[in-house]
Amino acid sequence: MSKPDYSPIESPVAYEAKWARLWREGRIFEADPIKGKPKFFICVPYSYQNGPLHLGHAFTFTRGDSYARFKRMQGFNVLFPWSWHWTGEAVAGTSERLKRGDPAIVRLLRDIDNVPEELIPRFTDPAFICKYYTGENRKVVDAMGFSVDWRREFYTTDLHPYYSKFIQWQYLRLREKGFVSMGEHPVVWCPACQSATGDHDRLVGEGIVPEEYTLVFFECDGFYLAAGTLRPETVFGATNVWLNPYAEYVLVEYYGKRILVSRKAAEKLMEQKHGINILRPINAKELMGKKCKAPITGSELPILPAGFVDPNVVSGVVFSVPAHAPYDYAALLELQRNITEGMSMYAELLKGLRPISIISVPGYGDFPAVEVVNRMGISGQDDERLEEATREVYSKEFHEGIMKNNCGEYSGLPVRVARDAVKARLISSGLGDVMYDLPSKVVCRCGSECLVKVVKDQWFLTYSDPEWKKKVRMQIMKMNIFPEEARQWFLNVVDWLRDWACTRKTGLGTPLPWDRSWIVETLSDSTIYPALYTISKYMNDGTVKPDQLTLEVFDYVFLGVGDPEKVSKETGIPKSVLESMRDEFLYWYPVDCRISAKELVPNHLTFYIFHHVALFDEGLWPRCIGVNGMVTVEGEKMSKSKGNMIPIKAALAKYGVDATRCTLLLAAEGMDDPDWRDKNAQETRRMLDLFLKIVEEATSSELEACEDRLERWLISKMVKRVKVVTDAMESLKTRTACHEALYGMYNDWKWYVRRRKKLTRSVLTFLDTWVRLLAPFAPFTAEEAWSKLGNGGFVSLARWPDYRPEEVDELAEASEELIARLLGDLREIIEVTERKPIRAHVYTSSAWKLKVLSIILGFDLKDVMKEPGIVIKESLKVFPDKRKEIPSIVKKIVEHISSFPSEISRNVLLELASQEKKVYDEAKSFLESEIGCPFHIWAEDEPGIYDPMGKSRHALPLRPGIFVEINP
RNA sequence: GCCGGGGUACCCGAGCCUGGUCAAGGGGGUGGGCUUAAGACCCACUGGCGUAGGCCGUCCUGGGUUCGAAUCCCAGCCCCGGCACCA
């Protein structure tokens, strides 16, 4: 593929390009099978090449790459491949708009997507668009430091030499297994464009989908009035049929019958049914007052005029159910109230109409529609509140309604059951049918009003197949899904999934192998392509020619079916090559992890599982899916029309790669939506620079060996951070992991350098670990630091730090906690006095209180908090002379002890309490410099103690008394 | 409507599963240190009250469980996302 360098990727961070180059030259991310080495195959969905990659892509990709890098450092042989999605109709749409000279599209390409002006004319070719963006985006992916094995790259559609072969093999095999079938399907259709009108192609009516209505045939004079309804079961409660006297009606020849509908409806039906014809117009007025016969019930109902009947809605014929439909009741009321001139001849008929109750609903009487209309004070059919009234009655009756005894064989059935049963009976007896219509107006981008067309001969993936679903559900239960909440979502999607129309007439893609007038639709040609990554390098390097890829080759490699000897003879691919392809597939498969944004849960990710389940052996089904949220920018949804779409390239140019990666990672995890904020990116940039400065400072200092409490503290904290980061990564909590690796480690470092004025040898251990922990998230900065620390090679290939629990030192940690608390107490006191301190005195508690502490720790702290009495009694036995102090001292100690983290064991607390004075003595000079005055540390019962305020009495174990002398 | 996710301080956001360490962390703001200055960096404060480490308040609303609730239970209100011919 030609990839002219239209514009370079620039980062303000000089070392980023350097390391990207060294990785490329070292080919360190190229992964081949290694016998005996555990593998890890991770991938992200390829992106559609109709524009520059933006921060939304960057988020998912960075999570994937961080995980890949983490696993690589853990010693796995990691495969992280890349490719590009070209399939779809959108790019073709762009080309068309450009050809028509749409100025908006030129503006978008030039101003938003920064396409060089001179190239825009070439965008009239859809393939060029994909090619252009693929070239641009490959540079971005490379610059981002994604650890990709580029030898396996491909793109989709039949423009690619072998991708289509793979898809055609997939579809032939799916069809053989019965997962592809032909059917018909209603779509929103533009009669002018002669194509389906997707949401993005609409001027009006986004989100509107075809609604299915039931036509109910009422016989009259040898033909049928076809009334449309959402509630066929209410035919039992029909009182009459309404026609609009001023609308145009026609008689339609309809499968051996003649039906009457509005002219508009007839036109709609022509798009939905085979071989129906409009016979002649009918004057509705001539039908008024006549009787017609309802299906199933056989009731004779009058035909009456009503202006509210809209000929543009469904069939333009309505049957009235005033008992259960608020609109019908309101209309009836109004007509009965003021019978106009033209209506006078029907006065008797109108007056005779009474609601017929057919459904009982808890909480309502016989006539819910009447009740609701009266309650809401609705007086006429134009009242807007009828919408709400209808919603209420429909919903109540659907969920809780029961058909009454006057409903024949449907009596006693729940409404929701009766509805489908009545509909089925109407259709099978030829007295009804299905008609689709749009619940509200939809206008195509071309300006024409859309209608519903039933697309014939459409190919479907039969996702509704219960056996198929069952296997998919079982796999979903088995696999790892992060976060866990997404699992239930997947299960729900499987439940609701219907058959999926998998072919299209237009756009780029792979022709359906058995009917080349169709193209495999975009979501349907991107399900099992991770399998292709395992062998694509053989085609890319020319070992296997695309035209050698017969069905038998794919059968052998992916299914283990067939004899390699024979396949080799037929194709000319050496047998050894076939066998290594097969081996390589089996080495990498199954996919160990696929990471994607949550918008793909209800479609791509679920399809991905379905197709693997359909085609491969059970051991090769996906092992894990990670789902994440969708990026917003400064709290707003990102979109081109809002102009807040941030291309990755722009973020890189401003903050550098690692800051971009970390800002995204730090913004959210789980299914929460990360919010990109400029301020956060600046801060992250500063933090990474500071980290490098810390490394430089440490490596340029004279470091002495030192073994003390604080050194042990530093290493202990570090070891614990290792565990937190590792555990977080294992469950794909990239935010927690990145945060701990960056800020967690930094907080420990800050405290350490504040306590220790001069750096020691231990900091090298600390920094070594810190660099490794950062490497998955900020790989460039980590490599730079790695080399500054004097290491050769790449930290990208270094070992992930092990958790070494033996280096945890709870006592050292608790000691520092004690010092921090003392410092906090001192600060608070000094602040309240609002004076400069001249001397501070600290009193540690006397030995008997320590003994009381040990008594307390002999009990379960929970019990003690509930019942302090047990400890008080016990303590009194030991110190009968402290009768006065003990009750309150015990309570205070218990309260204070409970403020320590519960992971600190009681042994550590006791040990710490016994060393308390020593701990303060060791930190004396630190405390003096922090507070800015001399310190004295006394024991409570020390002779000659200076304690003019009697503060030593208040001393408790692990909480000394304090007296601060201040300038008066 | 159906399904999924949420509501935490000035802002963003953790904690919730497994109740007590607790209202993390970052931004912004205020004050101080370092500095010729600026920037960077460091420290403190950032719900209220307080001349001694304290007291009171707070996690959408209202109830409940508990010695103890941001966390568990019940009811309600509100917000966001997906719902198929878009990728």
Side-chain angles (χ1 to χ4, degrees), chain A residues 45 47-48 50 85 87-91 93 185-188 195-201 207 209 391 394-395 398-399 455 458 463 483-486 488-490 492-493 495-504 521-524 526 598-604 629-630 632 634-635 637 666-673 675 677 679-680 682-684 686-687 689-690 693 735-736 739-740 743-744 747 750 753-754 817 821-822 824-835 861-862 865-868 895 897-904 930 949 951 954 959-964 966:
Chain A
S47 57
Y48 187 50
N50 67 335
H85 205 192
T87 309
E89 300 170 285
V91 162
H185 178 67
V187 295
V188 178
S195 79
T197 310
D199 258 357
H200 303 301
D201 299 324
V209 292
R391 251 201 312 279
Y394 271 35
S395 156
F398 180 70
H399 290 103
V455 176
Q458 171 62 275
Y463 292 136
E484 185 56 39
E485 304 95 85
Q488 191 54 48
W489 190 4
F490 275 108
N492 289 327
V493 170
D495 282 344
W496 292 111
L497 201 60
R498 307 192 300 258
D499 289 349
W500 182 269
C502 64
T503 52
R504 293 289 178 278
E521 167 271 346
T522 173
L523 279 167
S524 303
S526 53
K598 60 186 173 185
E599 58 180 344
L600 298 189
V601 170
N603 44 66
H604 164 72
M630 289 154 69
T632 57
E634 310 288 338
K637 210 176 151 168
L666 291 169
E669 67 192 2
M671 285 199 279
D672 292 340
D673 296 329
D675 187 21
R677 285 180 183 255
K679 288 271 186 225
N680 293 2
Q682 286 175 23
E683 156 56 27
T684 310
R686 272 203 297 274
M687 185 62 224
D689 292 340
L690 177 61
K693 240 164 90 183
R735 177 194 155 104
T736 302
H739 191 269
E740 282 289 314
Y743 290 103
N747 282 339
K750 266 199 300 196
V753 294
R754 192 171 153 196
E817 170 76 21
R821 284 180 184 219
L822 175 57
D825 285 346
L826 283 161
R827 282 235 155 78
E828 201 164 341
I829 291 167
I830 291 164
E831 193 184 332
V832 171
T833 62
E834 292 176 320
R835 297 284 201 291
L861 206 57
K862 275 196 169 164
M865 280 197 284
K866 234 182 257 182
E867 279 292 336
E895 200 177 307
I897 287 303
S898 71
S899 80
F900 281 86
S902 56
E903 332 51 285
I904 301 184
E930 288 286 320
M949 299 292 282
K951 292 290 180 186
H954 299 296
R959 187 173 190 276
I962 298 169
F963 169 51
V964 179
I966 50 175

Between [M] and [N] - [atom1] atom distance, rounded Å:
{"N": "B/G63", "M": "B/G50", "atom1": "C1'", "answer": "35 Å"}
{"N": "B/C10", "M": "B/G4", "atom1": "C1'", "answer": "31 Å"}
{"N": "B/U71", "M": "B/U21", "atom1": "C1'", "answer": "14 Å"}
{"N": "B/U8", "M": "B/A70", "atom1": "C1'", "answer": "7 Å"}
{"N": "B/C12", "M": "B/C60", "atom1": "P", "answer": "14 Å"}
{"N": "B/G29", "M": "B/C83", "atom1": "C1'", "answer": "45 Å"}
{"N": "B/G13", "M": "B/A23", "atom1": "C1'", "answer": "13 Å"}
{"N": "B/G48", "M": "B/G1", "atom1": "C1'", "answer": "47 Å"}

Students often get this wrong, so: under 4.0 angstrom with heavy atoms, is [X] touching a base, only sugar-phosphate, or nothing?
{"X": "A/Gly670", "answer": "nothing"}
{"X": "A/Asp672", "answer": "sugar-phosphate"}
{"X": "A/Glu89", "answer": "sugar-phosphate"}
{"X": "A/His604", "answer": "nothing"}
{"X": "A/Leu523", "answer": "base"}
{"X": "A/Phe963", "answer": "base"}
{"X": "A/Arg498", "answer": "base"}
{"X": "A/Ala501", "answer": "base"}
{"X": "A/Val832", "answer": "base"}
{"X": "A/Thr197", "answer": "sugar-phosphate"}
{"X": "A/Pro960", "answer": "base"}
{"X": "A/Lys598", "answer": "nothing"}
{"X": "A/Leu497", "answer": "base"}
{"X": "A/Glu485", "answer": "sugar-phosphate"}

Of the options [options], whose atoms approach the side-chain atoms of [X] most closely?
{"X": "A/Arg735", "options": "B/G13, B/G50, B/A87", "value": "B/G13"}
{"X": "A/Arg686", "options": "B/G50, B/A87, B/G28", "value": "B/G28"}
{"X": "A/Trp489", "options": "B/C43, B/G25, B/C3", "value": "B/C3"}
{"X": "A/Val209", "options": "B/G54, B/A84, B/G25", "value": "B/A84"}
{"X": "A/Pro602", "options": "B/A87, B/G53, B/G82", "value": "B/G82"}
{"X": "A/Trp496", "options": "B/C11, B/C43, B/C2", "value": "B/C2"}

Query raised in the report: CZ of A/Arg686 to NZ of A/Lys693: how many Å apart, nearest 0.5 Å?
Result: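 So the CZ of A/Arg686 and the NZ of A/Lys693 are separated by 11.5 Å.
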In whole Å, I'd like the distance from the [atom1] atom of [X] to the [atom2] atom of [N].
{"X": "A/Arg827", "N": "B/G31", "atom1": "CZ", "atom2": "P", "result": "19 Å"}
{"X": "A/Glu683", "N": "B/A40", "atom1": "CD", "atom2": "P", "result": "11 Å"}
{"X": "A/Glu484", "N": "B/C16", "atom1": "CD", "atom2": "P", "result": "16 Å"}
{"X": "A/Lys679", "N": "B/G26", "atom1": "NZ", "atom2": "P", "result": "16 Å"}
{"X": "A/Ile830", "N": "B/G32", "atom1": "CD1", "atom2": "P", "result": "18 Å"}

Report task. Give a yes or no on whether a salt bridge exists between A/Arg827 and A/Asp825, defined as a side-chain N under 4.0 angstrom from a carboxylate O. Result ->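 Result for this pair is no, no salt bridge flagged.
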Requested in this report: May I ask you to say whether A/Asp672 pairs ionically with A/Arg735, meaning some side-chain N is under 4.0 Å from a carboxylate O?
Outcome: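 The answer is no: the pair does not qualify as a salt bridge.
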Query raised in the report: With a cut-off of 6.0 Å (strictly less than), are more than 12 heavy atoms of other residues, nucleotides or ligands near CD of A/Glu895?
Result: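 No, because the 6.0 Å sphere around CD of A/Glu895 holds 12 heavy atoms or fewer from other groups.
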Query raised in the report: Is the shortest side-chain N/O distance from A/Arg959 to OP1 or OP2 of B/G54 below 4.0 Å?
Result: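 So the side-chain polar atoms of A/Arg959 do come within 4.0 Å of the phosphate oxygens OP1 or OP2 of B/G54, strictly under.
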Requested in this report: Look only at the side chain of A/Lys598 and the backbone of A/Met671, and say whether a donor-acceptor pair between them is shorter than 3.5 Å.
Outcome: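 Pair found, side chain donor or acceptor close to backbone of A/Met671.
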Requested in this report: Determine yes or no for a side-chain-to-main-chain donor-acceptor pair under 3.5 angstrom, with A/Glu599 supplying the side chain and A/Met630 the backbone.
Outcome: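 Looks like no, no N/O pair under 3.5 Å.
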Query raised in the report: Does the side chain of A/Thr632 pick up a donor-acceptor pair with the side chain of A/Asp675 at under 3.5 Å?
Result: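 Short answer, yes.
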Could you identify the nucleotide paired to [N], looking across every strand shown and requiring Watson-Crick or G-U wobble geometry with both distances under 3.5 Å?
{"N": "B/G68", "answer": "none"}
{"N": "B/G81", "answer": "B/C3"}
{"N": "B/A9", "answer": "none"}
{"N": "B/G54", "answer": "B/C49"}

**Report entry** Residue closer to the 5' end of RNA chain B, A/Gly961 versus A/Lys637 (nearest nucleotide)
**Finding:**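 So the residue in question is A/Gly961.
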Query - Toward the 5' end of RNA chain B, by each residue's nearest nucleotide, A/Glu831 or A/Asn492 - result: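 Of the two residues, A/Asn492 wins.
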Query raised in the report: Would you say A/Ser526 and A/Thr87 make side-chain contact, with heavy atoms under 4.5 Å?
Result: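 No, side chains not in contact.
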